[in-house]
Amino acid sequence: MATIAQQVVFHPTVSQSLKVWSTTLGRDKARLRSLTHDFSFTHTVQYFARFLAWFLLARGKKVDAARWNALKNHLALGRKLMRLGKPMEHLQAALKAASGSGHAAEQLTTIGRQLGYFGYLAHDAVVWANAVKFYNLKPSTATRVNKLANQFWLAGILFSISFGLLKSGRLSSEIKDLQSSSTWSEKSLQTDSASKVHSLQLATADIRYQFIIDLLDVWIPATNLGYVNLNDGVLGIFGLISSLMALRTQWIAVNGRK
């Protein structure tokens, strides 16, 4: 059964379709292959609009607030449409992680993260279909599907946070071992050691950077589920900051570090 599932998920037609879909969307958004989810220019504007709508409403400017709130809602629907192919990508990533090798805890959290995002985006697609009246759900069913989407989203982020803690700790330990090692006596070996330490430090910095993004994002599904009670102003700022951080990551990926 597992073999059949892998053949379906990794079928060349599926992979090629995902590549075409990603390429088509590339002109409309910044394609960010971050560890959590994909950020975009529309994502940044969406959360700015969320914050501004709250800010204006708090000052009694209901008409202006309604305008920005409408923009936020339309951008959210548009982003749901652009992510319709994403669940399969995360399912592929989960199966690849399951069939790979590496540190067991990191592998398990990677699988959990990818399955969390698969469940989130799959249910989110149903939410979109209901929102645009393509498929009508009963109000109780729509509420249940939306809740499941947020539960999967929260689970994915929590697994991502766990992965970041585990990998950051392991890389830091490897750096300390290299720095304290007394076996690098020859000059060539010292150079090799310094290069490895530098690479590990960069990898650690990237993991910690993503960790901060996850810590900002985790409050959004947690609030949607009622586990915490943060207002739209706070959530808008958190979403805006995490979006800008991810856009910076994409800028570095395209233009290199300076």
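- A donor-acceptor pair is defined here as one N or O able to donate and one able to accept, closer than 3.5 Å; no such pair exists between the side chain of Ser168 and the backbone of Leu165.
- Applying the side-chain hydrogen bond (donor to acceptor under 3.5 Å, both in side chains) test to Gln46 and every residue at least two apart in sequence or in another chain returns Arg79.
- Expressed to the nearest 0.5 Å, how far CD1 of Ile213 lies from CD1 of Ile157 amounts to 11.0 Å.
- Shortest non-hydrogen contact noted between Ala65 and Ala53 is CB-O, 3.5 Å.
- Hydrophobic clustering (side-chain heavy atoms under 4.5 Å, transitive across Ile, Leu, Val, Met, Phe, Trp, Tyr) groups Leu244 together with Phe48.
- Leu240 CG to Met245 CE: the interatomic distance, rounded to the nearest 0.5 Å, is 12.0 Å.
- Checked against salt bridge (Lys or Arg N to Asp or Glu O under 4.0 Å), Lys72 has no partners two or more places apart in sequence or in another chain.
- Between the side chain of Glu106 and the backbone N or O of Phe163 there is no donor-acceptor pair closer than 3.5 Å.
- Under a hydrophobic-cluster definition in which Ile, Leu, Val, Met, Phe, Trp and Tyr are linked whenever side-chain heavy atoms come within less than 4.5 Å, directly or via other members, Ile207 and Phe159 are assigned to different clusters.
- Residues Gln107 and Gly100 come closest through the heavy atom pair NE2-O, 2.9 Å.
- Annotation: side-chain hydrogen bond (donor to acceptor under 3.5 Å, both in side chains) contacts involving residues 50-68, sequence neighbours excluded, comprise Arg50-Asp232, Asp64-Arg67.
- Cluster annotation: Leu148 and Leu225 are assigned to distinct hydrophobic clusters (Ile/Leu/Val/Met/Phe/Trp/Tyr, side-chain heavy-atom contacts under 4.5 Å, transitive).
- Put simply, the side chain of Thr141 reaches to within 4.5 Å of the side chain of Val145, judged on heavy atoms.
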Determine all donor-acceptor pairs shorter than 3.5 Å in which one atom belongs to a side chain in residues 125-138; sequence neighbours excluded.
unit_1: Asn130; atom_1: OD1; unit_2: Leu137; atom_2: N; d: 2.8

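- Between the side chains of Asp214 and Gln210, at least one donor N or O sits under 3.5 Å from an acceptor N or O.
- Between Asn224 and Trp153 there is a side-chain heavy-atom pair separated by less than 4.5 Å.
- Here the closest non-hydrogen pair linking Ile237 and Phe51 is CG1-CD1, 3.6 Å.
- Of the residues Gln151, Lys86, Arg83, the one that meets the side-chain contact (heavy atoms from CB on, under 4.5 Å) test with Tyr120 is Arg83.
- Ser199 places a side-chain N or O within 3.5 Å of a backbone atom of Ser195 that can act as its donor or acceptor partner.
- Ile161 and Leu166 fall into different hydrophobic clusters, where Ile, Leu, Val, Met, Phe, Trp and Tyr residues are linked whenever their side-chain heavy atoms come under 4.5 Å apart, directly or through other members.
- Lys80 NZ: more than 12 foreign heavy atoms inside a 6.0 Å radius.
- Taken from OG1 in Thr204 to CG in Leu200, the straight-line distance is 6.0 Å, to the nearest 0.5 Å.
- Taken to the nearest 0.5 Å, the OH atom of Tyr117 stands 4.5 Å off from the OG atom of Ser160.
- For an aromatic pair to be called close, the ring centres must be under 6.0 Å apart, and Phe118 with His90 fails this.
- A distance of 8.0 Å separates OG1 in Thr223 from CD1 in Ile220, rounded to the nearest 0.5 Å.
- Using modelled atom types, one side-chain atom of Asn73 and one backbone atom of Asn69 make a donor-acceptor pair closer than 3.5 Å.
- Rounding to the nearest 0.5 angstrom, the gap separating the CG atom in Leu235 from the CG atom in Leu216 is 11.0 Å.
- Under the 4.5 Å side-chain contact rule for hydrophobic residues, Val234 and Tyr47 share a cluster.
- Taking 4.5 Å as the limit, every side-chain heavy atom of Thr249 sits out of range of all side-chain heavy atoms of Asp206.
- Remark: Glu174 pairs with Arg170 by the side-chain hydrogen bond (donor to acceptor under 3.5 Å, both in side chains) rule, at least two apart or across chains.
- In the displayed structure, Phe55 atom CZ is contacted under 6.0 Å by at most 12 heavy atoms of other residues, nucleotides or ligands.
- Ser172 meets the side-chain hydrogen bond (donor to acceptor under 3.5 Å, both in side chains) test with Arg208; sequence neighbours excluded.
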Given side chain to side chain contact (heavy atoms under 4.5 Å, CB included), test Asn150 with Leu154 step by step and report yes or no.
-> CA-CA 6 Å; Asn150 279 284; Leu154 179 61; over 6 Å; no
